[in-house]
Structures are given as structure tokens and as C-alpha cells.
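For reference, the structure discussed in these notes is given below.
Reminder, nothing fancy here: chain letters follow the sequence lines and each chain counts from 1.
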Amino acid sequence: MTEGDAASARPSYDPVAAQEKWQTYWAEHETFRPKDDGSAERRYVLDMFSYPSGDLHMGHAEAFVMGDMVARYWRLLGYDVMHPLGWDSFGLPAENAAIAHGAHPAEWTYANIETQARSFKRYGLSVDWSRRLHTSDPEYYRWTQWLFLQFFHRGLAYRKASYVNWCPSCLTVLANEQVVQGACERCGSAVTKRQLTQWYFRITEYAQRLLDDMSLLEGRWPERVLAMQRNWIGRSEGATVRFPVPGRDQPIEVFTTRPDTLYGATFMVVAPDADLAAELVTEAQRAEFEAYLERTKQATEIERQSTERPKTGVFLGRHAINPLTGQPIPIWAADYVLSEYGTGAIMAVPAHDQRDLDFARTYGLPVQMVIDTGQGDPAVTGQATAGDGVYVNSEALDGLTNKADGIAAINAKLSRDGSGWATVTYRLRDWLISRQRFWGCPIPIVHCPVDGEVAVPEDQLPIELPDLRGAALAPKGSSPLASATDWAQTECPTCGGPATRDADTMDTFVDSSWYYYRYCSPGDQARAFDPEQVARWMPVDQYVGGVEHAILHLLYSRFFTKVLRDLGLIDFSEPFARLLNQGQVINQGKAMSKSLGNGVDLGRQIDQYGVDAIRTTMVFAGPPEDDIDWADLSPSASLRFLQRAWRLAQDVSSPVGADPAAGDLGLRKVSHRILGEVGDLLELRRFNVVVARLMELVNATRKAIDGGLGGGDPAVREAAEFTAVALSLVAPYVAEEMWQALGRPASVANAGWPEVDPGLRAAERVTMVVQVQGKVRAKIEVPADIDQAEAERLALAEAGVQRALAGRAVAKVIVRLPKMVSIVPEA
RNA sequence: GCCCGAGUGGCGGAAUGGUAUACGCGGACGGCUCAAACCCGUCUGUCUGAUAAAGACAUAGGGGUUCGACUCCCCUCUCGGGCACCA
């Protein structure tokens with residue numbers, strides 16, 4: 001080593017050694033296991049658990065550091081914190097990998113879990129590993145099955161035949177929520193329709209409660225998530241109207257949001273795949289109808305949803321009577337009407353609904369304007385009008401001029417006549433939970449030719465998956481479980497006769513709808529969860545995860561929680577009191593992907609810069625909820641900052657416990673002000689600014705040391721200790737090293753949040769700004785307790801202020817002590 | 001089309017209605033060094049002025065409220081996200 005070799009001469013922090021050392025320490029001392037003895041208020045911090053597909057990636061690193069900061073902060077504040085972790089370990093990729101390698105899905109799954117567990121531990125998460133769970137463990141899915149049975153017994157799980165969403169690539173059905181713009185949420189294939197008998201959860205029964213309880217989440221969940229859920233539930237107020245049909249006992253009921261346009265209803269449209277259509281069609285029209293139905297079923301969801309697509313349909317040969325005009329109107333079937341929404345039939349008002357107008361023009365059906373908006377007759381313009389206007393051709397309504405009055409009047413008339421009533425409809429559909437795949441939770445139902453659908457008795461749970469591997473798992477469009485005849489053949493629990501097991505598995509979103517309850521009593525052999533433990537820990541105080549689950553996992557979990565409440569197992573309504581959606585990590589403006597070749601490997605980043613630097617980079621990049629572009633970031637700068645912080649601790653030479661009050665006042669003020677701000681910022685989850693403030697503290701402390709204070713001043717120790725404690729949220733390894741170098745006993749995670757001295761935090765002298773007509777003309781250093789008269793006097797004495805006044809008299813002076821004086825001159 | 005967000009230096013981003021541009025990146029110059037890296041220091045919105053003093057203009061654009069607006073209100077534009085033949 002040459003004399004001037006500063007790099008090796010200067011001590012520096014070694015991330016790798018620190019990482020190994022402290023991981024071992026935390027594991028041995030169970031540092032992050034909650035005391036759970038009632039000695040402190042409890043807090044529950046939860047990250048959306050991981051799906052075990054390969055090792056952790058940049059997205060995990062971003063998401064999990066946010067939750068970890070909250071958990072570590074609350075721990076420092078003295079709360080008893082539960083911060084568990086587990087795996088959402090059922091699902092398709094494991095099955096596909098097993099098919100490719102002739103293996104069992106469990107092999108792939110549990111190997112990946114081990115890899116991720118090692119990476120999570122290295123990443124320094126303050127997790128209580130004793131609560132670890134995997135949804136694919138029989139000890140877990142036993143209780144998923146138990147919950148299914150509770151739903152079943154309450155009539156909340158039921159089977160029905162319906163046209164369902166089908167992914168031709170995954171060869172399984174999908175829930176409505178898993179169809180994104182007509183494509184499979186997982187693989188992107190165009191979704192088609194199939195008629196199948198499937199299991200559903202009756203989430204629609206909870207639509208209004210899911211909506212109402214959002215008031216409990218207002219301001220605590222991101223507004224956009226609430227908006228998305230509101231949208232998805234899609235409450236719509238309108239009326240049901242009955243149309244008598246000659247030759248049919250029952251009138252047809254339609255749902256409409258515009259009952260006031262009823263006089264303009266010139267035909268009716270029924271969804272082709274609704275039972276009603278097949279029932280209504282006349283023999284003469286049957287062949288044509290069936291050909292049309294067949295074509296409808298072939299269309300993918302992407303095609304069907306396209307609004308550009310020309311309207312098609314077929315006349316069913318029947319008529320209904322408009323209850324107000326008494327006129328017969330033709331009944332058509334057309335695929336722009338959905339069988340699943342409303343009643344599956346609509347009254348068509350072509351003059352005031354663009355879709356109906358397009359259809360009417362295609363098939364030459366009459367158009368009757370009933371509201372004159374002054375925009376011309378839709379029959380002529382081809383533009384349906386939807387706004388307010390003067391009612392025309394509408395006996396009972398003629399003369400009214402706005403929608404609200406029209407709707408009220410018509411609703412009153414309909415209920416008097418018994419031909420209609422006000423109705424609320426929701427867009428939300430029941431949750432289809434059957435899946436024709438192997439690697440999922442078996443549905444605990446036996447199908448008996450005598451007794452029908454029979455619940456498996458609870459003492460026979462879990463129904464474990466049979467040991468299928470390789471080709472036996474290949475998707476055939478029916479469940480692989482059905483081909484495991486030994487498994488599928490069973491006895492009816494009721495009559496003892498031969499019966500078959502339900503061969504479908506549950507949607508993995510069922511597994512993830514209750515895992516956060518299981519964390520509260522993970523080892524419980526007798527129950528899904530211990531209600532007492534749940535009462536202590538739940539609801540989750542802070543939930544962290546991606547916005548991609550805004551209407552999947554989060555809606556389902558809210559639904560589950562309401563059902564559990566109705567079952568008397570819990571006494572709260574919402575599972576997640578606070579929600580933080582972290583953004584995505586992208587690279588060079590785009591999501592990382594193999595095809596773009598812009599992926600950044602988390603493991604390699606950590607090898608190069610260390611865990612702390614990567615965590616710091618993620619946090620400092622911007623607001624937690626914003627996407628961050630790795631190309632804009634500098635992990636080496638983060639490491640530089642951490643080295644600077646670490647060096648502060650090395651430079652401290654005063655003894656442990658040195659009285660800070662004997663230290664430099666200027667530095668102490670900086671330390672207390674910044675620590676106070678950091679606390680405020682943490683409450684607001686403004687983690688990026690937290691890091692910025694800590695950088696200021698480190699810079700100020702360095703300046704103080706080098707500027708003559710040296711390492712022996714107690715204020716320097718205080719600043720370094722503040723830094724170590726606050727930094728432990730972001731960079732736990734460096735913080736532990738600092739804490740140890742400062743002579744303090746491990747772990748810094750339990751050091752407690754330092755007390756901020758309000759007297760030190762409040763400045764004695766402040767910069768007072770003087771404005772003339774709103775423009776800053778002078779800045780004066782003044783005592784913080786300056787009085788109004790003195791402030792005004794000093795302000796007016798400033799040369800810059802006099803210059804700006806240019807001899808004009810002062811009309812008004814506004815003083816905000818001690819920071820601002822605003823002077824208004826005479827005009 | 002409907003519903004949410006968001007527009008601030010070269011870049012990521014700060015700013016309870018009261019000093020716009022904190023912190024960092026990038027850049028310039030300097031120190032340390034035989035040299036480089038590391039590290040340290042100073043400067044860094046635009047324009048006028050002399051690199052000063054001083055001033056003008058700047059938070060997508062336009063208007064408003066206010067002594068004072070990035071912040072509140074109205075209109076417009078742009079970008080991002082969600083939903084979408086939902087009657």
C-alpha cells in the first residue's frame with residue numbers, strides 16, 4: 001500500500017459481511033417475533049404475499065421495503081408489531097413446469113419458495129418467520145375447504161350452469177375479474193364463452209355492503225382503488241318495467257335507467273344466450289335464431305366488446321305490448337344485450353340510446369323521439385340524444401323539461417299501474433371459483449346420484465390432492481383430478497352409495513382471500529384461525545401491495561371478511577385499515593420484460609451494491625406509489641451516502657451515554673429538527689423525503705465534525721445515534737453496524753425512537769421574509785419571538801423594501817409572526 | 001364515451017395558502033494524487049447586467065379568489081391509469 005492510497009486507507013463498510021452477520025443475529029434472537037403478551041399496543045403490517053415463480057425480482061424489492069419501513073418504524077415507536085410472510089403457492093405456473101419436466105408441481109413450488117425465502121432473509125425484512133405459511137400445504141388448504149363449506153351451508157357457494165369465460169390457452173374458466181379487456185389476465189389469450197356448470201360464490205349478495213363500507217376506507221386507501229371498486233360494483237339506479245306478451249302467462253321484465261323514455265320504446269331486445277330468447281322464439285324463426293346463437297358463442301370477448309362492431313340480431317317472431325302506449329313492439333335477440341346484466345332483456349329506445357339507434361337503422365325498425373333536446377330528430381341525424389329536453393309524444397310527461405322530473409313522474413305512474421317499480425342493479429357478477437386445473441385446492445363436495453351435492457364432513461378434511469405428475473396433469477379442458485379414478489371414486493357421506501368427488505379445484509384467489517387471518521394463529525390444528533388472536537391483531541393496520549389487485553384480491557378479501565362477520569367469527573367489517581400501493585420498477589421507460597431485454601437482475605444489483613444500497617435507492621427514487629425508472633437511479637450514490645453515514649459512527653469518540661446537553665447546540669438543533677421532520681414524514685409514508693432529510697443530517701454532522709467540533713463532542717454522538725436509528729428503517733445492516741460501532745447493544749431495531757426535544761426543534765432565530773405586493777424584497781434574520789411592531793419596523797427599514805415602495809405610502813401591513821411581513825402600498 | 005390521477009430545472013423529485021426548485025443524479029471548476037479512481041470543497045432555473053450589485057421572468061396554457069397561489073376555484077391542452085354494447 002502506498003502512502004497516499006486513500007481508498008484502502010479509509011475504512012469502509014462491507015455490505016456482504018454485515019449482511020451475513022446480522023441475518024444470523026436476527027434469526028438467532030428472533031428479533032422480529034412479536035411479544036404478544038399485551039405489554040404494548042399491537043400493530044399488524046402485511047405485504048401482499050408472494051407467488052413462488054422463480055427468485056425475487058426488482059418489483060418485490062420495491063414493494064417489500066415499503067412494508068418493512070412501516071413495520072420497523074412502529075417497532076421503534078414501541079408497538080408490538082406482527083409482520084409475517086408466506087406464499088401463495090397454488091397456481092398454474094407450477095403445473096406447467098411439472099408437465100414440462102415430468103415432475104410434481106410441489107417440487108417446483110417448494111424449491112422456488114426456498115429460493116425466495118433465502119432472498120427475503122438476505123433482503124433484511126423484519127419478518128417473524130415463525131408464522132410462515134404456504135397455501136398449498138394441506139394444513140392450510142384444509143381450512144380453505146372448511147371455509148368453502150361454511151359458504152356452502154349459508155347458500156353463498158352454489159353451482160349453476162351458465163355461459164362462462166373460457167381461456168383456450170390455460171384451458172380453464174375464469175372469473176369476470178380475471179378477464180381484462182376481453183383477454184385472460186394471466187396469459188393474454190382472447191377469452192371465449194362456454195356453457196358449463198360451475199361453482200360460484202354469491203358476492204353479489206354483498207354488493208351494497210361492499211359499496212357502503214368504503215366509507216370506512218375513505219382517506220385510508222388510495223382514492224383510485226376505491227374508485228375502481230366502485231366502478232366494478234357498478235351500482236345503477238333505474239326501474240323494472242313489465243311488458244305483457246300475448247300468448248305468454250308472464251310479462252317480460254326489463255331494466256332501464258331511463259323509464260322516462262318508455263313512450264319511445266319501439267322494440268325489445270333479448271340476450272341470445274338467455275333462456276328467455278330460446279323460450280320466446282317461434283318455430284318459423286327457430287332455425288335462424290339458433291344459427292345466430294351459435295355465431296354469438298363463437299365470438300371472443302374481445303370481438304364482442306368492440307363498440308365498433310356492427311349490430312347484429314334476429315327477430316324472434318313475437319311481440320310485446322308497450323305498457324304505456326298499448327302498441328305491440330317486436331322482440332329481437334341481439335348480442336349487444338348481455339344475459340347476465342339486469343334481466344337479460346331491454347326495452348329499446350332508439351331515439352335516445354345510440355346502441356338501440358344503430359340497431360334500429362340496421363334492421364329498419366321505427367324510431368320515435370320522445371324528448372326534444374333541440375338537436376334534431378335522431379331518426380334523421382343518426383345521433384341518439386341523451387340529455388335533458390322537452391318531453392313530446394309522452395302523454396303523461398308532455399310539458400316536463402328535465403330527466404329527474406320525468407323519471408319521478410313515470411315511476412309513480414308505473415307503480416300505480418302495477419307495471420313497474422324503481423330498481424337498483426349492479427354490474428358485479430357472482431365469483432366463479434371452479435378451475436379445471438390440478439394445482440389448486442380441491443372442492444370438498446361429493447356428487448351423489450341419490451343425494452346430489454353433498455358436503456364432505458369436516459372431520460374428513462383436508463381432501464388432499466392425489467399424487468399426479470407429468471403428463472397426467474396436462475390440461476384437457478376437464479379436470480385432471482377426474483382421471484385419478486382412485487381419488488375421484490368415493491362414497492356418499494349421506495347414503496354411503498357410490499359417488500364421485502368434485503374434480504375441479506378452487507381459484508387461487510380463494511386461498512389468498514383469508515391468509516392474513518391464518519397468520520394470527522398459524523399453527524392452529526383445530527380452527528382456520530383463533531378468533532381471540534384475530535380480535536387482537538386484526539384488522540391489518542397497514543397493507544402494502546400492487547394496484548393490480550385493486551379489484552381482484554382486495555375485493556374478494558373484503559367480501560370474505562363480511563361473510564366471516566356474518567358467520568360470527570369476527571366483529572369487524574373491513575380487513576385492511578390502511579392500504580399503500582407501491583409503484584412498479586421499470587427500466588428505460590418500459591416495464592421490464594424478456595422480449596425487450598431491459599430486465600434488471602435484483603440478485604446482481606445486490607451483489608454489486610449491497611442490500612442496503614438497493615433498498616435506499618428504491619425508497620429515495622420518488623413517492624412510494626409512483627413508478628420508478630431504474631435507468632434514472634444511482635445505487636452507487638446510495639452506497640456513497642451509506643458509507644458517509646457509517647463513517648460518522650466510526651468518528652464518534654465520546655463515551656456511550658455522554659450527556660448530549662453538554663454538546664454543540666447548533667448541531668443538536670439540526671439533529672432534533674430533522675428527526676422530528678422524519679417522524680412526521682413517516683406518518684405520511686413520504687419515505688423518499690425521509691431519506692433526503694437523513695442525507696441532510698449526515699451532511700450537517702460531517703460538516704460539524706470536520707469544521708472543528710471533532711468526534712468527541714456529545715452532540716456528534718447524538719447525531720450519529722439518531723442517524724443509525726432512523727436509517728435502520730431503510731438500511732438495516734448499515735444501521736446495525738453503526739449502532740454497534742457506537743457501543744450500543746444490538747439490535748438497533750429495538751433501540752426505540754429517540755425523543756425529540758421540542759425546545760431544540762423550535763428555532764430561536766428565523767428568516768423573516770418581507771414582501772411588497774406579494775414579491776419578496778428582503779430577508780431578515782430575527783428572533784423567533786419577535787413582536788409585530790418590531791417586525792414591521794425592521795421590514796420598513798430595509799433598503800430593498802423602500803426601493804420597492806418607491807415613495808408610495810403604506811396602505812396595509814399583514815404580519816404572520818415570525819416568518820413573514822407583507823406590505824401593500826397605496827395604489 | 002364515462003370515472004380517477006398527474007403536469008415543477010438537463011433528469012428523479014422537494015415545498016401545513018407565506019423564502020419555488022430541498023435532497024440526489026448529471027455538469028463545471030478546484031483540493032488530495034506522479035496520475036487516475038475514491039474522497040473532499042465551491043458553483044449550477046432562464047434572461048438583463050460585468051462572473052458584481054440589482055432586477056425581470058419562470059411550477060402545461062388561460063382566467064379567477066387572495067396582501068400573497070405549485071398549492072384553492074373555473075375553462076382548455078397533454079400524459080398516465082381504470083372501466084366500457086352494463087341498457
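Here the separation of C72(B) from U19(B), taken at their P atoms, is 16 Å to the nearest Å. The same atom, C1', is picked in C43(B) and in U51(B); the two are 11 Å apart, to the nearest Å. Separation of the P atoms belonging to A28(B) and G81(B) is 36 Å when rounded to the nearest angstrom. G31(B) and G13(B) have their P atoms separated by 36 Å, with the value rounded to a whole Å.
Taking every heavy atom of both residues into account, Pro825(A) and Leu805(A) meet most closely at CB-CD2, 3.8 Å.
Annotated as anti: G24(B), whose O4'-C1'-N torsion sits more than 90° from 0.
Using a 4.0 Å heavy-atom criterion, one finds that Gln771(A) contacts the bases of the nucleic acid, with or without backbone contacts as well. At a threshold of 4.0 angstrom between heavy atoms, the contacts of Asp632(A) are confined to the sugar-phosphate backbone, with no base atom among them. When heavy atoms are screened at a 4.0 angstrom cut-off, Met695(A) is found touching the sugar-phosphate backbone but no base atom. At the heavy-atom level, Thr256(A) lies under 4.0 Å from the strands shown only through sugar-phosphate atoms. The residue Val337(A) sits close to a base: some heavy atom pair falls under 4.0 Å.
Residue Ile674(A) contributes atom CD1, which lies 15 Å from atom P of A22(B) at whole-angstrom precision. Nucleotide C40(B) holds its P atom 13 Å from the CD1 atom of Ile705(A), rounded to whole Å. For the pair Leu211(A) CG and C3(B) C1', the computed distance is 14 Å after rounding to whole Å. To the nearest angstrom, P of C38(B) lies 19 Å from CZ of Phe641(A).
Note: Tyr13(A) and Trp646(A) have tilted aromatic rings, judged against thresholds of 30 and 60 degrees for the angle between ring planes.
In this structure G10(B) sits in a base pair with C25(B), meeting the Watson-Crick or G-U test at under 3.5 Å. For C39(B), the paired base is G31(B) (Watson-Crick or G-U wobble, both distances below 3.5 Å). Using N1 to N3 plus N6-O4 or O6-N4 for Watson-Crick, or N1-O2 and O6-N3 for G-U wobble, each under 3.5 Å, A20(B) pairs with nothing. Pair assignment for A56(B) gives U46(B), based on Watson-Crick or G-U wobble hydrogen-bonding distances that are each under 3.5 Å. Summarising the base pairing, G5(B) is matched to C79(B) through a Watson-Crick or G-U wobble pair whose two defining distances lie under 3.5 Å. As the counterpart of A15(B), no nucleotide is assigned, since no Watson-Crick or G-U wobble pattern has both distances under 3.5 Å.
For Arg803(A), the side-chain atoms get nearest to G55(B) when compared with the rest of G55(B), C23(B), A84(B). Minimum atom distance to the side chain of Tyr336(A) is reached by C85(B), of the listed U19(B), C85(B), U42(B). Checking U19(B), C25(B), G18(B) against the side-chain heavy atoms of Ile814(A) singles out G18(B) as nearest. Of the candidate nucleotides C39(B), C25(B), C23(B), C39(B) has the atom lying nearest to any side-chain atom of Arg647(A). Here U19(B) is the nucleotide among A14(B), U19(B), C83(B) with the atom lying nearest to any side-chain atom of Lys819(A). Taking every side-chain heavy atom of Glu223(A) into account, G5(B) is the closest of G5(B), A87(B), U42(B). Of the candidates C23(B), U19(B), G24(B), the closest approach to any side-chain atom of Val776(A) belongs to U19(B).
For Arg640(A) and C39(B), the shortest distance from a side-chain N or O to OP1 or OP2 is below 4.0 Å. At A84(B), one or more side-chain N or O atoms of Arg427(A) fall inside 4.0 Å of OP1 or OP2 (strictly under the cut-off). Side-chain N/O atoms of Arg644(A) include one lying less than 4.0 angstrom from OP1 or OP2 on C40(B). Between Arg816(A) and the phosphate of C67(B), there is no side-chain N or O to OP1/OP2 separation shorter than 4.0 Å. Contact check, Lys779(A) against U19(B): no side-chain N or O comes under 4.0 Å of OP1 or OP2. Side-chain nitrogen and oxygen atoms of Asn688(A) include at least one within less than 4.0 Å of the OP1 or OP2 phosphate oxygen of A14(B). Applying the 4.0 Å criterion to OP1 and OP2 of U19(B), one finds that Arg777(A) has every side-chain N and O outside that range. In this structure, Ser638(A) does not reach the G24(B) phosphate: none of its side-chain N or O atoms is under 4.0 Å from OP1 or OP2. Of the side-chain N and O atoms in Asn699(A), none sit less than 4.0 angstrom from OP1 or OP2 of A22(B). Within the structure, a side-chain polar atom (N or O) of Lys775(A) is placed less than 4.0 Å from OP1 or OP2 of C57(B).
You won't find any donor-acceptor pair under 3.5 Å spanning the side chain of Gln354(A) and the base of G1(B), going by distance alone. Scanning atom types as modelled, one donor and one acceptor separated by under 3.5 angstrom connect the side chain of Ser822(A) and the base of C67(B).
Between the side chains of Thr385(A) and His352(A), at least one donor N or O sits under 3.5 Å from an acceptor N or O. Remark: the Lys590(A) side chain and the Asn598(A) side chain contain no N/O donor-acceptor pair separated by less than 3.5 Å.
Closest-nucleotide positions on RNA chain B for Arg258(A) and Pro623(A) were compared, and the one nearer the 5' end corresponds to Pro623(A). Each of Ile823(A) and Ala621(A) lies near RNA chain B, and the nucleotide nearest Ala621(A) is the one positioned closer to the 5' end.
A 4.5 Å side-chain heavy-atom check between Leu174(A) and Cys184(A) finds at least one atom pair inside the cut-off. The closest side-chain heavy-atom distance from Met214(A) to Ile233(A) is below 4.5 Å.
Between Asp680(A) and Arg761(A), at least one side-chain nitrogen of the basic residue sits less than 4.0 Å from a carboxylate oxygen of the acidic one, meeting the salt-bridge criterion.
When each of Thr257(A), Thr240(A), Thr256(A) is tested with Thr423(A) by the rule side-chain contact (heavy atoms from CB on, under 4.5 Å), just one qualifies, namely Thr240(A).
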